[in-house]
Structure formats: C-alpha cells, structure tokens
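For reference, the structure is listed below as structure tokens.
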Amino acid sequence: MDISVIVPLYNEAESLPHLYEWIARVMKENKFSYEVISVNDGSTDESWDVIRQLQGDKAQGAKGVVRGICFRRNYGKSAALYCGFKAAQGDVVITMDADLQDSPDEIPELYRMITEEGYDLVSGWKQKRYDNALTKNLPSKLFNATARRVTGIQLHDMNCGLKAYRLEVVKNIEVFSEMHRYIPYLAKNAGFTRIGEKVVQHRKREFGTSKFGLNRFVNGYLDLMTLWFLNKFGKQPMHFFGLVGSLMFFIGFIAIIVVGSMKLYALAHHVQAMLVGVNPYFHISILMMILGCMLFLAGFLAEIIIRNSPSRNDYLIREEI
Ligand code: UDP
Ligand code: MG
C-alpha cells in the first residue's frame with residue numbers, strides 16, 4: 001500500500017464527509033493505493049456514525065480502505081496519533097487534521113518528497129495562516145523560535161498537523177502525553193535526521209471549533225523542557241544531578257570550614273566575633289550541603305530506576321551485515 005492517512009478527530013462530524021471525498025479524489029487522480037485511518041478521540045457528536053457510514057460507502061473507490069479506531073473517551077491528539085501510527089501500513093504515512101484546515105492536495109508532493117528525495121519526515125509549514133492573529137499566529141511564531149533553538153531542527157511550524165513520514169519512522173517513535181507538538185524532535189532523537197519542510201496551504205476552519213486554547217503554549221514550553229532534559233540526561237541523570245549536587249556540597253563544605261576557622265582564630269586571639277549560630281554564612285553553607293546531598297541522592301535514585309527500565313537497552317539498528 002502506498003499511503004496511510006491518519007486523521008485524529010474530536011467532534012468534527014460536519015467536516016468528515018468533505019474530507020473523505022477530497023482525499024479520495026486526490027488519491028484517485030494520482031492512482032495511489034491508500035487507507036484512511038480515522039481515530040475518533042472520544043467525540044460526543046456523530047463523528048463515529050459518519051465514519052461507519054463512510055466505511056460502507058463504495059464511493060471511496062476500490063483502491064481506498066476506510067478504517068477507524070474509536071476511543072471510549074477523549075485522550076488527546078497524541079494518543080490518537082499513537083494508535084494511528086500503530087495501525088498504519090502504507091509506505092508513507094500522512095497525518096492530517098480533520099477540520100479541513102489542511103489540504104489533501106498536498107499529499108502527492110509530500111509522498112514524492114519522502115519516496116524520491118529520501119526524507120524521513122516532511123513537516124508542513126502554514127506560511128499563510130488563517131487563524132486568529134493574536135491568540136494563535138503570534139504566540140506560535142515565538143513558540144517555534146524557541147523550539148528551533150532547543151531542538152536544533154530548523155522548522156518554521158513544528159506543530160503543523162499535516163506531516164508525512166516514512167513508515168519506519170512512525171513505527172520507531174512513541175508519541176505520548178502531549179508530545180505530538182514535537183514529533184520531529186522525537187524522530188531526530190531516534191536517529192531520523194532527514195527532516196524536511198514544505199509550504200502548505202492552510203484554510204479557515206469551516207465547521208466546529210478549535211480544540212486547543214492558549215494553555216497550549218504554557219504546556220508546550222514545559223513539554224519542550226521535559227524533552228530537552230530527557231534527551232540530554234534521560235539515560236544518565238547522575239551526570240546532571242551528581243555534578244550539581246557535588247558542586248553545591250563542595251562549596252558549602254569549604255564555606256563552613258572558613259566560617260569555623262574564622263571563629264576558632266577569633267577565640268584563640270581573644271577577638272570579638274559573632275556567634276556561629278547567628279552568622280548568615282553558616283546557614284547558607286549548611287543549606288548548600290543539604291541541597292547538594294539531596295540532588296546527589298535524586299540522581300542516584302534516578303539511576304536505580306533507569307536500571308530497571310525495560311527500555312534501558314533499546315537501540316534502533318539501521319542495518320546489520
Ligand atoms: N483533536 C483530537 N483530540 C483532541 C483535540 C483535537 O483528536 O483532544 C484533533 C481535532 O479534531 C483536529 C486536530 O486534532 O482534527 C487539530 O485540532 P484543532 O483543529 O482544534 O487545532 P488547531 O487547528 O486549532 O490548532
Ligand atoms: Mg484546526
């Protein structure tokens with residue numbers, strides 16, 4: 001099979017028939033064999049009935065397969081993508097929002113970039129965006145600038161819903177929590193470094209409403225920090241906690257020796273000196289030593305946890321001869 005189109009959706013009943021029809025038209029024109037996997041993320045409207053109906057429809061043409069996965073409740077876009085990736089079988093996997101904001105007309109070119117230009121992943125870039133400028137476009141620019149710096153991936157629109165992957169990529173990365181915003185970063189960390197970008201058409205939302213509010217940016221930043229930290233120290237937490245903890249302890253230790261020595265010197269020479277217990281440096285030193293120990297211990301515990309992780313020796317092997 002050439003293409004798997006994965007469509008995560010939450011309450012998008014009105015858009016679905018148009019989307020399916022459009023995808024079928026594009027596929028037919030380009031003679032692709034394909035499947036559309038809709039992942040219904042706990043919709044409370046008739047989305048699932050629509051998908052069932054579409055599956056029965058012969059209008060899809062002989063070469064298209066309609067598949068669907070229906071969650072019991074709403075788990076989020078990442079969960080939907082995870083299940084879609086697991087089910088996908090096409091050589092090229094395309095993800096696409098269900099709200100008709102992404103255009104299926106982009107599919108042939110995305111497919112070509114993966115199969116002919118050898119990209120592992122091609123991300124869409126909504127250069128001209130039809131969303132609210134203040135609540136979406138501007139924060140999104142800031143968000144992408146940060147993401148570029150942290151991840152080192154030069155994408156303008158990391159969180160674009162329209163993306164294409166080689167099948168191998170989606171089978172070897174695990175999207176979870178809300179990490180769908182950083183799939184290119186997950187792919188890069190898994191060793192799939194040929195990441196490309198294509199300017200894609202974006203359209204206004206015709207039906208329904210957006211499912212993400214402004215809190216996406218707060219959560220997005222936190223998730224970015226998590227991923228960065230995990231990538232850098234996830235396999236060897238002691239390299240971070242051990243170093244910072246030891247340094248703090250060492251500084252505190254030296255400082256407390258200085259405080260003690262000064263007091264002893266003053267006593268020996270009968271000089272007037274502050275009580276050690278009221279000396280602020282004494283308290284700062286003690287605090288540094290305690291925090292240093294705690295950090296060291298946190299790193300040590302993390303190492304013990306990792307030792308027991310079932311994935312501690314999971315490596316992606318590209319080739320063996
Ligand atoms: N979506 C989903 N689960 C959710 C929220 C959203 O599957 O919990 C789907 C939604 O139906 C749409 C896509 O994710 O197909 C993108 O959502 P939306 O269009 O609301 O995002 P925006 O375009 O506003 O960034
Ligand atoms: Mg949308």
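What you see is a predicted model; the values in this text were computed from it and never measured. When a ligand or atom number is given, it counts from 1 through the structure's own listing order.
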Any Lys/Arg nitrogen of [X] or [Y] sitting under 4.0 Å from an Asp/Glu carboxylate oxygen of the other?
| X | Y | answer |
| --- | --- | --- |
| Glu109 | Lys198 | no |
| Asp120 | Arg194 | no |
| Lys77 | Asp97 | yes |
| Lys211 | Glu12 | yes |

**Prompt:** Do Leu19 and Val36 have side-chain heavy atoms sitting under 4.5 Å apart?
**Reply:** no

**Request:** Taking the side chain as every heavy atom from C-beta outward, state whether Arg52 and Ser47 have any pair of such atoms under 4.5 Å apart.
**Result:** no

**Complete:** The angle formed at the Mg ion (ligand 2) by OE1 of Gln101 and OD2 of Asp99 is about (to 10 degrees) 100°

**Request:** Could you tell me whether Lys188 sits above the aromatic face of Phe192, with NZ or CZ closer than 6.0 angstrom to the six-membered ring centre and within 45 degrees of the axis?
**Result:** no

Show the atoms of ligand 1 that are less than 4.0 angstrom away from any heavy atom in [X].
| X | answer |
| --- | --- |
| Leu9 | 7 (O), 11 (O) |
| Glu12 | 10 (C), 11 (O), 12 (C), 15 (O) |
| Ala98 | 15 (O) |
| Arg216 | 22 (P), 24 (O), 25 (O) |

**Request:** May I ask whether Gly76 places a heavy atom under 4.0 Å from ligand 1?
**Result:** yes

Could you find the nearest protein heavy atom to [atom] and give me its residue, atom name and distance?
| atom | answer |
| --- | --- |
| atom 1 (N) of ligand 1 | Tyr10 CB, 3.9 Å |
| atom 17 (O) of ligand 1 | Phe212 CE1, 3.6 Å |
| atom 19 (O) of ligand 1 | Asp99 OD2, 2.5 Å |
| atom 14 (O) of ligand 1 | Lys77 CD, 3.4 Å |
| atom 23 (O) of ligand 1 | Gln101 OE1, 2.9 Å |

**Item:** Chi angles and distances behind the side chain to side chain contact (heavy atoms under 4.5 Å, CB included) call for Met294, Ile290
**Value:** CA-CA 6 Å; Met294 305 267 271; Ile290 294 175; 4.3 Å; yes

**Request:** Identify whether Ile23 and Tyr111 are in the same connected component of the hydrophobic contact network (ILVMFWY, side-chain heavy atoms under 4.5 Å).
**Result:** yes

Any N/O of [X] closer than 3.5 Å to an N/O of ligand 1?
| X | result |
| --- | --- |
| Arg129 | no |
| Pro8 | yes |
| Thr209 | no |
| Asp41 | yes |

**Request:** Measure up the Phe249 and Phe253 rings against each other and bin them: parallel (under 30°), tilted (30 to 60°), perpendicular (over 60°).
**Result:** parallel

**Asked** Should the proximity of Val7 to ligand 1, defined as any heavy atom under 4.0 Å, be assigned to the side chain, the backbone, both, or neither?
**Response** neither

**Prompt:** Looking only at side chains, do Gln127 and His156 share a donor and an acceptor under 3.5 Å apart?
**Reply:** no

**Request:** Nearest heavy atom to atom 22 (P) of ligand 1 wins, so pick from Lys136, Lys211, Arg205.
**Result:** Lys136

